[in-house]
Number of protein chains: 2
Amino acid sequence: MMARAEHKAGPDLREACLAEALVIISNAGVEKLSIREVARRIGVSHQAPYRHFASRNHLLAEIVRRAFADFAQALRGPAPTDDPAADALAMGFAYVQFAFAEPLKYRLMFGGTLPDPVDHPDMMQGARDAFDVLRNSLIRLYSARGQQPDRETIDREALFAWSSLHGVVSLMRTDAIGTLDLAPSARADFVAHALRQVGTALGINTSGQEPHRGSS
Amino acid sequence: MMARAEHKAGPDLREACLAEALVIISNAGVEKLSIREVARRIGVSHQAPYRHFASRNHLLAEIVRRAFADFAQALRGPAPTDDPAADALAMGFAYVQFAFAEPLKYRLMFGGTLPDPVDHPDMMQGARDAFDVLRNSLIRLYSARGQQPDRETIDREALFAWSSLHGVVSLMRTDAIGTLDLAPSARADFVAHALRQVGTALGINTSGQEPHRGSS
DNA sequence: CAATGGTGGTTGACAGTGTCAACTGATTGC
DNA sequence: GCAATCAGTTGACACTGTCAACCACCATTG
C-alpha cells in the first residue's frame with residue numbers, strides 16, 4: 001500500500017534541514033536546535049537528517065561555515081576606491097552593519113557555542129578569508145603612507161582593529177549592555193564613536209570630521 | 001535500618017553543588033553542566049539540588065553572578081595612585097589578567113550562554129559594578145586634564161575601552177584566533193599592543209614608551 | 001532481464017537530560 | 001506531644017542525540 005509518506009523532500013532535504021535549522025535558531029536560540037525538531041518540522045523521520053549530517057554538530061558547523069563565508073563576503077563588499085583610509089573605515093562600517101543586519105549569523109560565529117573547529121576544519125575558512133581582507137586593507141593603508149610594515153605589524157594592527165570592532169558589536173549584542181544604565185545618547189553614538197576611535201588609533205584622521213573633544 | 005546514605009552534605013549542599021558545577025564546567029564546558037551529574041558526583045539524589053536551585057539555569061546564574069562579582073573586584077584591585085593615566089592602564093592590565101587567570105569565569109561571563117538576565121536580576125550586578133569602576137577611572141583621567149566631560153562622553157569612552165578590551169580577550173579565547181595563521185610574535189604582543197592602542201585613542205601617551213611606528 | 005548494491009528514508013531501541021509530583025525522616029516552634 | 005516545615009528521596013514523563021536494523025527505490029552491471 002506504499003502508505004509511507006512519499007519520501008518527502010527529495011534530494012534537497014539537506015538544504016531543507018539547514019533552512020529549518022536557521023528558523024529554529026532564530027526563534028529559540030542555538031541551544032534549542034535539535035535534529036529531531038528539524039526533522040519534525042520538515043515532516044520527516046527523526047533519523048532522516050542523519051543521512052546528510054553525521055551529527056547535530058555537523059549540521060551546526062555547516063550553518064556556521066556559511067555564516068563565515070557570508071561575513072567574509074560582506075567585508076569584501078565595499079569596492080575599493082583610491083582612498084585606502086576611507087576604504088578601511090568603510091570596511092569597519094560593513095563589519096558593524098553585517099553584525100546588525102544578520103545578528104543571528106553574527107551570534108553564531110562569535111557567540112562561543114561553536115562546534116570544535118578541530119572536528120570541522122572547513123568551518124572557519126570564511127574567518128580566515130575575512131581576516132585576509134582586513135589585512136589587505138591595512139597593507140594598502142600603510143602603503144599609501146609610504147610605509148612597508150612587516151607582517152607582524154600588520155597582524156598586530158589587524159587583530160587590534162578586529163578585536164575592537166568585535167568588542168563593540170559584542171557588547172551591543174550581549175545583554176550586558178542592556179543591564180548597564182547608560183546615558184541614552186552614549187548608547188546611540190557608541191558604534192560611530194568607537195569606529196572613530198579605532199581609526200584614531202590606526203592613525204586615520206576622519207576627514208573633515210573634527211574630533212568632538214578638544215584634546216590631542 | 002536507616003541505610004539511606006546519611007543525608008550527605010548537610011546545609012552546605014548548596015555550596016557543594018556550586019563547587020562541583022564549577023569542576024564540571026571547567027572540565028567539560030558549560031553546556032555539559034547537568035544537575036543530575038552534579039548530584040551524582042556529590043553522592044546525592046538527582047533531585048536534591050532542586051531544594052537549593054529552582055532550575056539548572058538558576059544554578060548557573062549563581063555561578064555567573066559570583067564570577068561577575070570577582071571580576072569587579074579584580075578591576076578594583078590595583079590601588080589608585082596619583083597618576084590617573086597609569087591607573088587606567090593598570091586597570092586595563094587587570095582586565096586582561098583576570099581573563100587569563102580565570103578563563104573559566106571569563107568565558108562564563110562573556111561566552112554568550114548566560115541565562116536570561118531578565119529571569120535573574122542579580123546576576124549582572126557585578127557587571128554594573130565593574131562598569132562603574134571603569135567610569136570612575138575615566139572620570140579621574142579627564143579631571144586630571146582639567147576637563148569635566150558629561151556623562152554621555154564618559155559612557156562613550158568607557159564603552160569603547162571596555163569593548164576593545166573585551167574584543168581583545170574575546171578573540172584570544174575564541175578558537176578563531178587559533179585558526180588564523182598569524183605571525184607568531186603578533187600573537188604574543190597582541191595584548192600589549194592593543195592596550196597601548198586603546199590608550200592612544202583615549203589620549204594616554206604611555207609614559208616614556210615611544211610608540212614604535214613613527215606616525216603622529 | 002535479473003541480481004546487486006548504494007542511497008535516502010523508515011522504525012525501534014538506549015542512555016542521558018530537565019523537571020513535576022508524591023513521599024519520607026528529621027528538626028523545630030507552639 | 002504534635003503539627004509544620006525543611007531536606008532529601010524515589011518515580012515518573014517528555015524530551016534529547018545517536019546506534020542499529022530494516023525497507024524502498026534507482027542505477028548499475030552480469
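Order of the sequence lines fixes the chain letters, A, B, ..., with proteins taken first and strands second; residue numbering starts at 1 for each chain. Quick caveat, the model's predicted, so the values are computed rather than measured.
A:Ile42 places its CD1 atom 16 Å from the C1' atom of C:dT10, with the value rounded to the nearest Å. Rounded to whole Å, the distance from CZ on B:Arg14 to P on D:dC6 is 15 Å. Nucleotide C:dG8 holds its C1' atom 6 Å from the NE2 atom of A:His52, rounded to whole Å. Per the geometry, CZ belonging to B:Arg51 stands 11 Å off C1' belonging to C:dC23, to the nearest Å. Between the C1' atom of D:dG17 and the NE2 atom of A:His58 lies a distance of 14 Å, rounded to the nearest Å. Following rounding to the nearest Å, A:Leu13 (CG) and C:dT7 (P) show an atom-to-atom distance of 16 Å. For A:Glu31 and D:dG17, the CD to P distance is 13 Å, given to the nearest whole Å.
Applying the salt bridge (Lys or Arg N to Asp or Glu O under 4.0 Å) definition to pairs two or more places apart or across chains, those involving residues 89-105 of chain A are A:Asp70-A:Lys105, A:Glu102-A:Lys105.
Residues from residues 17-27 of chain A that place a heavy atom under 4.0 Å from any atom of DNA chain C: there are none.
Shown here for A:Leu134 and A:Ala158, the closest heavy-atom pair between the two residues is CD2-O, 3.3 Å. Between B:Phe190 and A:Phe160 the shortest heavy-atom distance is CE1-N, 3.8 Å.
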Next on the checklist: One pair to check against salt bridge (Lys or Arg N to Asp or Glu O under 4.0 Å): A:Arg41 and A:Glu37. What are the steps and the verdict?
Outcome noted: CA-CA 6 Å; A:Arg41 293 193 185 207; A:Glu37 179 66 17; 3.0 Å; yes

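A donor-acceptor contact under 3.5 Å is formed by the side chain of A:His46 with the base of C:dG12.
Using a 3.5 Å distance cut-off with no hydrogens or angles, the side chains of A:Thr81 and A:Asp87 do pair a donor with an acceptor. In the model, B:Tyr106 has a side-chain atom that pairs as donor or acceptor with a side-chain atom of B:His166 under 3.5 Å.
The closest side-chain heavy-atom distance from B:Ile25 to B:Leu104 is below 4.5 Å. For the pair A:Leu159 and A:Phe131, the minimum side-chain heavy-atom distance is below 4.5 Å.
Of the charged side-chain nitrogens involved, none lies within less than 4.0 Å of a carboxylate oxygen, so that B:Arg56 and B:Glu62 do not count as a salt-bridged pair.
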Tabulate protein N/O versus nucleotide N/O from nucleotides 15-18 of chain C, keeping only pairs under 3.5 Å, one per line.
residue : atom : partner : partner atom : Å
C:dT17  : OP1  : B:Ser34 : OG           : 3.2
C:dT17  : OP2  : B:Arg40 : NH2          : 2.6
C:dG18  : OP1  : B:Ile35 : N            : 2.9
C:dG18  : OP2  : B:Ile35 : N            : 3.4
C:dG18  : OP2  : B:Arg36 : N            : 3.2
C:dG18  : N7   : B:Arg36 : NH1          : 2.6
C:dG18  : O6   : B:Arg36 : NH1          : 3.1

